[in-house]
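Note that the structure is predicted; figures quoted are calculated from it, not measured. Computed from heavy atoms alone, side chains included, the values below leave out hydrogens, waters and symmetry copies.
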2 protein chains.
Amino acid sequence: MDAAAAPINVAVDLVVLTLRQGRLSVLLVQREDEPYAGTWALPGGFVQLEEDLLAAAHRVLQSEASLGREHTYLEQLRTFGDAGRDPRGRVISVAFMALGADLPDPVFGPGAADARFWNLTDIDPAALAFDHAEILGTAVERARAKLEYTTLATSFLPPEFTISQLRGVYESVWGTSLDPGNFHRKATRSPGFVVDLGTQTDGTGGRPARLFAAGEGTVLNPPLLRGGD
Amino acid sequence: MDAAAAPINVAVDLVVLTLRQGRLSVLLVQREDEPYAGTWALPGGFVQLEEDLLAAAHRVLQSEASLGREHTYLEQLRTFGDAGRDPRGRVISVAFMALGADLPDPVFGPGAADARFWNLTDIDPAALAFDHAEILGTAVERARAKLEYTTLATSFLPPEFTISQLRGVYESVWGTSLDPGNFHRKATRSPGFVVDLGTQTDGTGGRPARLFAAGEGTVLNPPLLRGGD
DNA sequence: CCAATAGTGTCTATGAGACATTATGGG
DNA sequence: CCCATAATGTCTCATAGACACTATTGG
C-alpha cells in the first residue's frame, strides 16, 4: 500500500446482454473517435473522481443504453488492466455485466456513431476494439455459468413470464435444447425461483400457460445443470 | 470511453490464504504509516505505470510474502473502488486471492511493522484497515465456493499429498467434517483431480496412505458438494 | 492382539433424464 | 375432431451419503 502512485486512468466497460428473438445479444457502440474510430466496442466511460464504480456503471448504462436502475441486473465482472491494452496510455477497465428483458435499441450519445444490439453469433470477435472480445467472452461465460446455480435467468424476462419463456432463456444462453416437462418440474419446484401468479396467458394455439414472477431466492439449490459431460 | 480522465490511484491488495495446523489462515501486515498506522491490513501496493495488474500482484506477493510464482495459485477477485474507501484520496484496489501450501511466515519489508499469518477465526473484521474486511470476506467466500467445482484444493497442499490431507483442506476451509470413505471414492474417481503416484507414506500408527499429486484437470465434474441445504 | 488410519463394499434415498400421458385452449 | 402447447406421471439409471467391512501398518 506504499509506493509511488502512478497516473492511471480508470474506466468502466459494460457488457449489456439481452435476448432478442430468442437469441443472446449484446449492446455494441460504434466508435466515432480515435483510437479504433469506426469499429464496434462495448459501451463504457471514465470513472469520475468522486464516483463509486457501481455508480459509474449505472451512469454509462443510462447514458449509452437509456437503461435505468429498474429491471436491470448489474454485477462487476473483473478488471482488465494490461499495460498495453489502450493505445492512448494506461487505462484499466472495470468490466460490468448487465442483463435485461428484451431491451430497446438505444438512443446513442456523443462519441458514438451508432449503437445497437448484435446477435452474439454475428459478431467477429477479432473486429472489436481494445480487448473487448476478451471482456465479452468473460461475460458470456459468467452468464452461462450463473444460470446453473442462481436465479439469474429471470433477469432476461419481463416481470410476468411463462415457464416456456424461462426455458427459452436457458436454451438461448446455453445454446442447447431442454426437455419441456423436466424443466417445468425443476423450475417450479426450486424454492424461491418462481412464484405462481395464478393468472394465465391466452392460448396461442395451445393450452394457456400459467404466469409466473421471479421469486425471492438468488441461489438455485439444487442447481440446474447443463450436461457438463 | 470518452470523458475527462480523473487522477485515480490504482492499487492491488492480496488475500494470501494457507492452512496452518489445519486452520485456514490469511497473511496480514501491520501498517507502519498513516492512515491506519498500527492496524492490520492485507498486503498490497500501488500499480506501476507500465505494469500489468497480474504482474503487480506477483510483485507484492514476492516483496511482502517472499512468495515466488511457483506453487502459488493467484487469481483476481474483483475491484473495490468506492469513492470514500481510502482517506488519502481516490484509490481503487484490484483484489487478488493467492493460495499456497503451508507458507512460511514472511520477512516483511518497508512500510510494515509486522507481518504474519492469522487464523481466520482470530481476526476481528472490524479492526482491519480500509475495507479489507470486505475484501477478505469476498476471498474466503470465493475459495469456499471454488472448492466445490474446481480442483483448487490441491493448491493448499505440497506436491505430494494423501487423500486424508486433501480431505483436511475441505474440512478446514468449509468448517465441516466429511465422511472419509465417501470422500476417498469421490476424490480418486473425479477425472483429472488427483494422480496416484504409486508410493506410500510410512504409517504413523495406521495403515500407510498412498501418495497423490494434483491432476491436470481444473474443473470438478461432478462437483463435490457441501450440504447446501 | 489392539489401536489407528486407509481404502472398499453395500444399501437406500434422491434426483436427472427419457418418455408417456393427461389437460386445455384454438381452428 | 385435430393440433399445439402446458403440465404431470412413470420408469430407469446414476450418484450422494450412511455405514459396515476389510486392509495394513505400529505398538
Side-chain angles (χ1 to χ4, degrees), chain A residues 22 147-149 153 157 160-172 174-213 217 219-229, chain B residues 22 147-149 153 157 160-172 174 176-213 219-229:
Chain A
L147 287 200
E148 291 196 83
Y149 61 95
L157 294 172
E160 302 194 350
F161 53 85
T162 67
I163 298 296
S164 289
Q165 290 177 292
L166 184 61
R167 176 167 47 87
V169 172
Y170 279 87
E171 292 179 332
S172 300
W174 285 351
T176 57
S177 80
L178 300 170
D179 181 280
N182 292 335
F183 182 87
H184 190 280
R185 208 187 357 244
K186 280 165 75 165
T188 51
R189 299 216 179 143
S190 288
F193 195 10
V194 294
V195 179
D196 193 332
L197 296 173
T199 52
Q200 294 195 338
T201 55
D202 26 301
T204 55
R207 172 175 171 180
R210 284 209 287 268
L211 284 168
F212 292 81
V219 177
L220 230 44
N221 198 343
L224 241 155
L225 297 174
R226 288 178 278 189
D229 313 275
Chain B
L147 287 200
E148 289 198 84
Y149 60 95
L157 294 172
E160 303 194 348
F161 53 85
T162 67
I163 299 296
S164 290
Q165 290 177 292
L166 184 61
R167 176 166 48 85
V169 172
Y170 279 87
E171 293 180 330
S172 301
W174 284 351
T176 57
S177 80
L178 300 170
D179 182 278
N182 291 335
F183 182 87
H184 189 280
R185 208 184 359 245
K186 280 167 74 166
T188 50
R189 299 219 178 139
S190 286
F193 194 11
V194 294
V195 179
D196 192 332
L197 296 173
T199 52
Q200 295 194 337
T201 56
D202 26 299
T204 57
R207 174 175 168 178
R210 284 208 287 268
L211 284 168
F212 292 82
V219 177
L220 229 43
N221 200 342
L224 240 157
L225 297 175
R226 284 177 282 189
D229 314 276

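Annotation: B:Phe212 is not in aromatic contact with B:Phe161 [ring centroid separation under 6.0 Å not met].
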### Query
What string of B, S and - do you get for nucleotides 1-11 of chain D, 5' to 3', if B is base contact, S is sugar-phosphate-only contact and - is no contact with any protein heavy atom under 4.0 Å?
---BBBSBBB-
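Separating the NZ atom of B:Lys186 from the C1' atom of C:dA6 is a distance of 18 Å, rounded to the nearest angstrom. The CG-P distance, from B:Leu220 to D:dA16, rounds to 10 Å in whole Å. Across the protein-nucleic acid pair, B:Phe183 atom CZ and D:dC19 atom C1' stand 18 Å apart, rounded to whole Å. Rounded to an integer number of Å, the gap from CG of B:Asp196 to P of C:dA6 is 14 Å. Following rounding to the nearest Å, A:Leu225 (CG) and D:dA16 (P) show an atom-to-atom distance of 11 Å. In this structure, CZ of B:Phe161 is placed 16 Å from C1' of C:dA6, rounded to the nearest angstrom. Separating the CG atom of B:Leu166 from the P atom of C:dT5 is a distance of 18 Å, rounded to the nearest angstrom. For the pair B:Leu224 CG and D:dT15 P, the interatomic distance rounds to 13 Å; values are reported in whole Å.
One finds the CD atom of A:Glu160 at 14.0 Å from the CZ atom of A:Arg210 (value rounded to the nearest 0.5 Å). If you take CZ on A:Arg207 and OG1 on A:Thr201, they are separated by 10.5 Å, rounding to the nearest 0.5 Å.
B:His184 is listed as a side-chain neighbour of B:Ile163, based on a closest heavy-atom distance under 4.5 Å. Side-chain contact between A:Leu211 and A:Thr162: present, with at least one pair of heavy atoms (C-beta onward) separated by less than 4.5 Å.
Evaluation of the salt bridge (charged side-chain N to carboxylate O under 4.0 Å, His left out) test over residues 182-194 of chain B, restricted to residues two or more places apart or in two chains, returns none.
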